[in-house]
Amino acid sequence: MRRRLVVVRAWTGRVAVLAASVMIAVTFVWAPGVGQDESGPLFAAATALVALQAAAFRWAPRQEAALGVGLAAVALVLWPQPFVPDASLYERVGMGAFWFVPTLGAAVVGGYPRLMEHRRRRAVHEARLSQQLAFAHDLHDFVAHDISGIVAQAQAARFVAGQNPDAVAGALERIERAGLAALASLDRTVHLLREPGREADRAPLPSAAHLIELVSRFDETGRTRARIDIAPGVETALSREAAATVHRVTTEALTNVRRHAPDAAGVEVALVLEDGAVRLTVTNDTGGGRPRARESGGTGLRALTERVRALGGSLHTSADDGTWRLTVTLPTPHLTSRPASLAVAGDPA
């Protein structure tokens with residue numbers, strides 16, 4: 001049934017073209033030889049043609065709709081002309097304008113629902129695209145971090161395997177934990193792709209405890225020591241979106257350290273309240289090289305910079321005397337600044 005309806009809709013433009021052509025031909029061949037009293041059939045045909053115009057506006061493909069509606073408008077403007085042979089030019093123009101009004105009505109009746117449907121489809125498409133980009137960012141921010149940790153642990157295990165076989169067991173345990181975390185992220189993303197409307201199934205937004213765990217895992221899975229300092233009141237100062245952004249930026253920064261400065265001695269992550277804003281800084285030495293943020297693909301620091309700006313904040317990176325620093329400032333206008341004094345998590349550098 002649905003397929004038949006699609007076929008019928010596809011033919012509306014062609015039928016409108018055919019009907020308008022026939023009516024134009026009849027207007028010039030048959031109408032001049034009859035009187036006004038016999039104009040009833042053409043009037044009925046004009047009424048039917050208006051209905052066809054509305055159907056073409058609503059369902060016909062664009063090119064066929066334009067051709068069918070255009071010819072039908074010409075037919076409607078011309079059909080009464082032969083019945084008033086003595087009319088002046090102004091009268092004929094007025095008559096044509098009057099019979100052009102039904103075409104405008106058909107455009108409203110048929111075109112408005114089509115426009116609304118087009119906007120709805122475009123909104124659905126944009127929503128799906130936004131979800132796909134969010135899933136891509138999740139995969140990059142979390143899975144890539146875990147996989148980089150797996151690679152680092154595998155390299156370390158291979159290096160010490162010959163000299164200290166007992167150390168391999170600890171590395172394998174950390175590889176297992178990172179692999180399970182990556183699989184969990186993949187499973188969550190695949191589940192959301194299958195049922196994109198079920199936002200309630202998403203994992204809770206990261207808290208300070210998640211951030212501490214992230215830095216601790218980084219500290220355990222490589223030669224680079226890591227620590228994190230979180231000021232009192234920071235967690236309550238952050239909105240849900242800002243907390244998720246802080247977690248993503250920290251994950252990206254640590255991943256970049258793993259990729260571009262694998263020989264760095266230490267990384268320091270600090271979250272403080274300063275001048276009514278939350279400031280995140282991630283600082284590391286370059287280990288003989290300079291870590292570079294990945295700029296391609298739209299999923300690295302460039303994408304996170306846009307996300308931070310959307311929250312009214314800023315993201316900056318700088319290098320000075322062998323030190324790489326990433327700084328993110330997120331405004332919290334409803335709070336006043338407080339002193340930063342709480343140090344938690346991670347082994348000291």
Side-chain angles (χ1 to χ4, degrees), residues 137 140-142 145 204-219 224-261 264-287 290-295 299-349:
H137 290 163
H140 174 268
D141 294 340
F142 301 118
H145 174 77
L205 289 174
S207 63
H210 291 92
L211 199 60
I212 293 170
E213 180 185 357
L214 172 68
V215 176
S216 298
R217 276 208 322 268
F218 179 89
D219 184 75
T224 304
R225 300 294 86 192
R227 62 174 284 124
I228 178 170
D229 298 337
I230 301 181
V234 166
E235 187 170 9
T236 57
L238 290 171
S239 65
R240 291 169 57 85
E241 295 81 3
T245 299
V246 166
H247 192 272
R248 286 179 182 272
V249 172
T250 305
T251 303
E252 176 67 16
L254 294 178
T255 301
N256 281 336
V257 172
R258 188 79 76 193
R259 289 177 176 173
H260 305 300
V267 180
E268 293 186 4
V269 180
L271 265 173
V272 299
L273 280 170
E274 186 176 289
D275 298 329
V278 172
R279 187 180 302 276
L280 165 71
T281 57
V282 182
T283 308
N284 65 279
D285 62 281
T286 59
R290 174 174 175 172
R292 292 173 298 140
R294 176 174 146 183
E295 297 295 342
T299 54
L301 287 181
R302 178 180 296 176
L304 290 176
T305 300
E306 295 303 320
R307 179 174 179 144
V308 170
R309 288 176 179 171
L311 296 176
S314 62
L315 185 153
H316 301 287
T317 58
S318 61
D320 183 28
D321 295 332
T323 299
W324 180 266
R325 179 177 288 103
L326 180 148
T327 304
V328 171
T329 303
L330 293 170
T332 55
H334 61 290
L335 294 176
T336 57
S337 58
R338 305 178 188 177
S341 60
L342 182 63
V344 290
D347 296 331

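FYI, the numbering just counts along the sequence from 1.
Separating the OG1 atom in Thr329 from the NE2 atom in His316 is a distance of 6.5 Å, to the nearest 0.5 Å. Distance check: Arg217 CZ to Thr251 OG1 gives 8.0 Å after rounding to the nearest 0.5 Å. To the nearest 0.5 Å, the span separating CG on Leu330 from OG1 on Thr245 amounts to 6.5 Å. Remark: Thr323 OG1 to Glu268 CD distance equals 10.0 Å, nearest 0.5 Å.
Side-chain contact check for Leu214 versus His247: some heavy-atom pair is nearer than 4.5 Å. Between Thr250 and Ile228, every side-chain heavy-atom pair lies at or beyond the 4.5 Å cut-off. With a 4.5 Å cut-off on side-chain heavy atoms, Leu211 and Leu271 count as touching. Side chains of Leu280 and Val269 form a contact here, defined as non-hydrogen atoms less than 4.5 Å apart. Val328 places none of its side-chain heavy atoms less than 4.5 Å from the side chain of Val246.
Under the 3.5 Å distance criterion, the side-chain polar atoms of Arg225 are matched with a main-chain donor or acceptor of Asp219. Of the possible polar contacts, one joining the Thr332 side chain to the Gly276 backbone as a donor-acceptor pair under 3.5 Å is found.
Closest heavy-atom contact between Ala226 and Val215: CB-CG1, 3.8 Å. Heavy-atom minimum distance, Trp324 versus Thr317: CZ2-CB, 3.7 Å. The two atoms that bring Leu326 and Ala253 nearest to each other are CD1-CB, 4.4 Å, heavy atoms only. Across all their heavy atoms, Ala231 and Val272 have their closest contact at CB-CA, 3.8 Å. For the residue pair Pro331 and Ala277, the shortest heavy atom distance occurs at CA-CB, 4.0 Å. Across all their heavy atoms, Val249 and Leu304 have their closest contact at CA-CD1, 3.9 Å.
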message: Leu273 vs Val278, test: side chain to side chain contact (heavy atoms under 4.5 Å, CB included). Steps then yes/no.
response: CA-CA 5 Å; Leu273 280 170; Val278 172; 3.6 Å; yes

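Note on Glu252 versus Arg248: no salt bridge recorded, every NZ/NE/NH1/NH2 to OD/OE distance being 4.0 Å or above.
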